Protein chains: 2
Amino acid sequence: MTRGTGRGKTPAAPRSVDVAQVAGVSQKTVSRVLNGERYVSEDVRRRVLDAAEQLGYRLNSAARALASGRTRTIGVVALGTALYGPASLLIGVERAARDAGYALSVVNTLEGDPGGVGGAVQSLLERGVDGIVVSEPIDEGAVPLASEVPVLALGAPAGAGTPASAIAAGVDSVELARAATEHLLDLGHRTVHHLAGPQKWFAARDRQAGWRAALTAHDREQPAVVEGDWSAASGYEGGRRLAGRSDLTAVFAANDDMAVGLIRFLTEAGLRVPEDVSVVGFDDIPLAAYVLPPLTTVRQPFDDVAREGLRLLVHAIENPDAEPPAPQSQPVELVVRASTAPPASRSTPVRTRQASPNPDGEAHSPPAV
Amino acid sequence: MTRGTGRGKTPAAPRSVDVAQVAGVSQKTVSRVLNGERYVSEDVRRRVLDAAEQLGYRLNSAARALASGRTRTIGVVALGTALYGPASLLIGVERAARDAGYALSVVNTLEGDPGGVGGAVQSLLERGVDGIVVSEPIDEGAVPLASEVPVLALGAPAGAGTPASAIAAGVDSVELARAATEHLLDLGHRTVHHLAGPQKWFAARDRQAGWRAALTAHDREQPAVVEGDWSAASGYEGGRRLAGRSDLTAVFAANDDMAVGLIRFLTEAGLRVPEDVSVVGFDDIPLAAYVLPPLTTVRQPFDDVAREGLRLLVHAIENPDAEPPAPQSQPVELVVRASTAPPASRSTPVRTRQASPNPDGEAHSPPAV
DNA sequence: ATGAAAGCGCTAACAA
DNA sequence: TTGTTAGCGCTTTCAT
């Protein structure tokens with residue numbers, strides 16, 4: 001195999017030997033400079049860098065990976081959803097990885113795909129990643145997170161379903177959910193209903209647990225939970241199930257999208273938000289402040305979570321033996337807007353309109369503003 | 001360097017030679033089987049696969065990449081935003097790449113980072129990617145898309161600013177925007193105002209061009225464009241600038257988020273949507289059907305776009321010389337919901353309320369429902 | 001249809 | 001502080 005030195009179209013990319021030759025040093029020295037190792041004179045360093053620049057040299061990371069056994073790549077197993085939470089986490093992970101000098105290889109698992117996570121992890125290992133991030137894992141029986149590289153479970157509670165070898169990081173969703181629920185209780189509501197996320201998500205369970213904890217702490221009744229799938233559509237449907245309850249004055253929805261769907265249903269059913277029913281969401285999506293009414297919600301510091309998780313992962317990669325550094329907890333931030341109010345303001349219903357049968361409102365019916 | 005055969009913790013991963021030995025064939029034959037090459041007897045194939053399974057063999061893709069010069073990896077340069085459009089495109093790209101047998105390496109560029117795209121492309125080339133996708137490129141002077149591998153500009157119009165070597169794919173945003181605008185004209189509005197996206201985005205320019213084309217075709221007046229930054233917040237601000245116009249009965253917003261912010265402002269300003277002002281968005285985000293009023297918008301087939309773009313890219317990677325296959329165009333889909341209506345219905349203003357000074361509505365003001 | 005040998009471009013160990 | 005020598009685990013010629 002001749003390196004296309006002939007007059008082919010591509011003039012063969014320069015290698016580190018070429019740089020070495022131009023700089024008048026050995027190839028190993030070039031390697032030293034490129035890796036920032038110690039014991040290189042400033043003079044030599046300059047010459048090497050100049051030569052590299054002059055030749056337009058670019059490191060071949062496949063060769064480096066083969067020789068070193070490391071790829072400086074972190075694999076991410078994500079869910080392949082454009083939901084605000086997962087998407088934000090992915091962005092945070094990418095940024096943190098890049099800052100730490102790692103590239104990112106992303107594999108999505110279709111939800112419901114059996115063995116999806118396992119297969120994704122396998123393909124990443126084949127790719128030689130140095131570490132793996134499983135973002136927003138869902139609990140589908142045994143998750144095969146055990147592997148020869150460190151694994152970060154982003155959004156899973158430590159211990160729950162994850163093997164001890166895995167690192168866990170995330171916000172304390174339980175605490176956030178509790179804060180959301182208590183906000184409603186503080187406003188004077190007797191109890192708070194819950195529109196939950198799909199229970200195979202750890203995130204959904206945590207939020208439900210936080211809601212339950214708040215009610216328990218205040219010794220309130222715990223209404224039956226209605227479960228959605230995170231979508232606004234399911235929030236709308238959830239509204240249909242909740243609207244009939246006689247003690248419905250406050251709802252904690254497990255995410256903002258469902259809260260929006262819920263509000264739409266309640267509004268169409270003639271219930272005013274927040275006069276008749278208060279609603280709290282979760283996430284603080286960018287639209288939350290601009291829907292009508294502006295949504296009271298709980299902010300998730302996705303960027304901080306991703307950054308913190310990656311710090312732990314990179315530490316585990318680069319110090320295989322050392323104790324993991326102490327995780328830092330993230331601050332709770334409740335954002336109070338206009339979708340919550342004291343229950344007292346239940347006066348006379350203003351409008352009474354039937355909920356439209358088609359949630360899309362494709363028809364030109366007068367809008368509910 | 002001894003392959004950790006000593007009694008270290010890790011028992012050294014099996015290599016293809018090991019598989020060959022177990023199967024009783026040469027190492028090259030193992031390679032043949034693994035790559036699905038022809039001329040391997042069914043018997044040998046079986047033996048090799050069994051041996052591989054038995055040993056728990058996993059291909060070392062760094063070695064493969066070094067030897068073959070190909071990584072079977074596609075690099076993606078994305079914008080690092082959780083906006084629905086870019087996020088959806090990324091998901092589509094990942095799926096399509098995986099289906100085609102390619103892994104994905106993702107690099108985000110912070111918007112406003114000078115030379116961001118260039119640097120990202122460099123790092124991907126260093127990583128040895130076989131092709132590059134630049135998602136939702138923005139026009140910041142010369143985009144250095146020229147490179148030794150095929151580049152797909154996803155969301156850029158063919159030709160505009162992209163070198164000839166690049167492949168372009170995307171929806172025909174101009175056509176979609178024209179359709180949105182014509183929907184409003186068809187309803188009887190004399191003209192349509194435009195809340196545009198940031199003009200350095202190709203997507204924003206295309207939508208504006210489509211809007212202008214529709215007005216020109218119908219010989220209508222073209223009101224001054226108000227520019228936002230895609231966010232609901234900027235839509236709200238845009239509303240402040242638009243609300244004073246005397247002929248404001250219809251607005252085409254360049255994306256759904258801005259439309260939502262705009263509607264919020266108009267509502268607070270005492271203008272009803274759609275009775276006083278009709279609003280059309282762009283994207284059809286999942287929430288579009290559930291905000292109040294449900295948003296008339298134009299659907300972008302992100303998944304189709306990504307799939308089609310990747311088809312072209314993979315073709316270019318695997319057939320460097322061949323002509324590119326003909327791109328398929330995507331269907332226009334206008335989703336009519338409740339935020340648009342004929343202008344005639346302008347009757348008597350019902351409420352007249354000042355726009356609140358704080359867009360977040362943190363106060364417990366009665367909601368605008 | 002299968003095998004032998006060479007080498008991809010780098011880093012790791014050991015010298016000097 | 002710098003250089004020498006071996007591989008890393010595959011794919012690629014070229015034989016057979």
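Each chain gets a letter, A, B and so on, in the order its sequence line appears, and its residues count up from 1. Since the model is a prediction, treat every value here as computed from it, not as a measurement.
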[N] [atom2] sits how many Å from [X] [atom1], rounded?
{"X": "A/Q21", "N": "D/dG3", "atom1": "CD", "atom2": "P", "value": "13 Å"}
{"X": "B/N60", "N": "D/dG7", "atom1": "CG", "atom2": "C1'", "value": "14 Å"}
{"X": "B/Y39", "N": "D/dA15", "atom1": "OH", "atom2": "P", "value": "18 Å"}
{"X": "A/R127", "N": "D/dG9", "atom1": "CZ", "atom2": "P", "value": "18 Å"}
{"X": "B/R45", "N": "C/dT2", "atom1": "CZ", "atom2": "C1'", "value": "14 Å"}
{"X": "A/E37", "N": "C/dA12", "atom1": "CD", "atom2": "P", "value": "7 Å"}
{"X": "B/L59", "N": "D/dT11", "atom1": "CG", "atom2": "P", "value": "6 Å"}
{"X": "B/L66", "N": "D/dG9", "atom1": "CG", "atom2": "C1'", "value": "9 Å"}

Point to revise | Greater than 12 external heavy atoms within 6.0 Å of B/Q21's CD | key: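 Atom CD in B/Q21 is not crowded, with 12 or fewer foreign heavy atoms closer than 6.0 Å.
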Review point. Above 12 or not: heavy atoms from other molecules or residues under 6.0 Å from CZ of A/R70?
Key: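 Check passes, neighbour count above 12.
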Point to revise | Check: B/S88 side chain, B/F302 main-chain N or O, donor-acceptor pair, under 3.5 Å | key: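 Looks like no, no N/O pair under 3.5 Å.
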Practice item. Among C/dT11, D/dT1, D/dC10, find the nucleotide with the atom closest to the side chain of A/S41. Key: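 From the listed options, D/dT1 comes nearest.
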**Study point:** Minimum-distance nucleotide (side-chain atoms of B/A67 versus C/dG7, D/dT2, D/dC8)
**Key:**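 Closest nucleotide among those given: C/dG7.
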Practice item. Please determine if a side-chain N or O atom of A/Y57 lies less than 4.0 Å away from the OP1 or OP2 oxygen of C/dC10. Key: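 Indeed, a polar side-chain atom of A/Y57 lies that close.
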Check your understanding: At under 4.0 Å, does any side-chain N or O of B/S16 touch on OP1 or OP2 of D/dC10?
Key ->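 So the side chain of B/S16 is within the cut-off, an N or O lying under 4.0 Å from OP1 or OP2 of D/dC10.
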Review point. Which parts of residues 25-35 of chain A get close to DNA chain D, meaning a heavy atom less than 4.0 angstrom away?
Key: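 Under 4.0 Å from DNA chain D: A/V25, A/S26, A/K28, A/T29, A/R32.
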Point to revise | Strand-adjacent residues in residues 68-75 of chain A, judged by heavy atoms under 4.0 Å from DNA chain D | key: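 The answer is none.
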Review point. Out of B/I74, B/V133, B/T73, which one pairs with B/L104 under the side chain to side chain contact (heavy atoms under 4.5 Å, CB included) rule?
Key: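 In the set B/I74, B/V133, B/T73, the residue that makes a side chain to side chain contact (heavy atoms under 4.5 Å, CB included) with B/L104 is B/I74.
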Point to revise | Residue pair B/E126 / A/S61, side-chain donor-acceptor N/O under 3.5 Å | key: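 The answer is no; no qualifying pair exists.
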Review point. Between B/E94 and A/N108, what is the shortest heavy-atom contact and its length?
Key: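 Reported closest heavy-atom pair: OE2-N, 3.0 Å.
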Point to revise | Nearest-0.5 Å distance that lies between atom NE2 in A/H315 and atom CG in A/L310 | key: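 If we round to the nearest 0.5 Å, A/H315:NE2 and A/L310:CG are 13.5 Å apart.
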Review point. Could you give the distance from CG (A/L66) to CG (A/N60), rounded to the nearest 0.5 Å?
Key: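 Rounded to the nearest 0.5 Å, the CG-CG separation comes out at 9.5 Å.
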Check your understanding: Heavy atoms under 4.0 Å, any strand shown: does B/V44 hit a base, just sugar-phosphate, or nothing?
Key ->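 If one applies the 4.0 Å heavy-atom cut-off, B/V44 turns out to touch the sugar-phosphate alone, with no base involved.
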Exercise for review: Walk me through it: do A/V107 and A/S123 pass the test side-chain contact (heavy atoms from CB on, under 4.5 Å)?
Suggested key: CA-CA 9 Å; A/V107 182; A/S123 73; 4.0 Å; yes
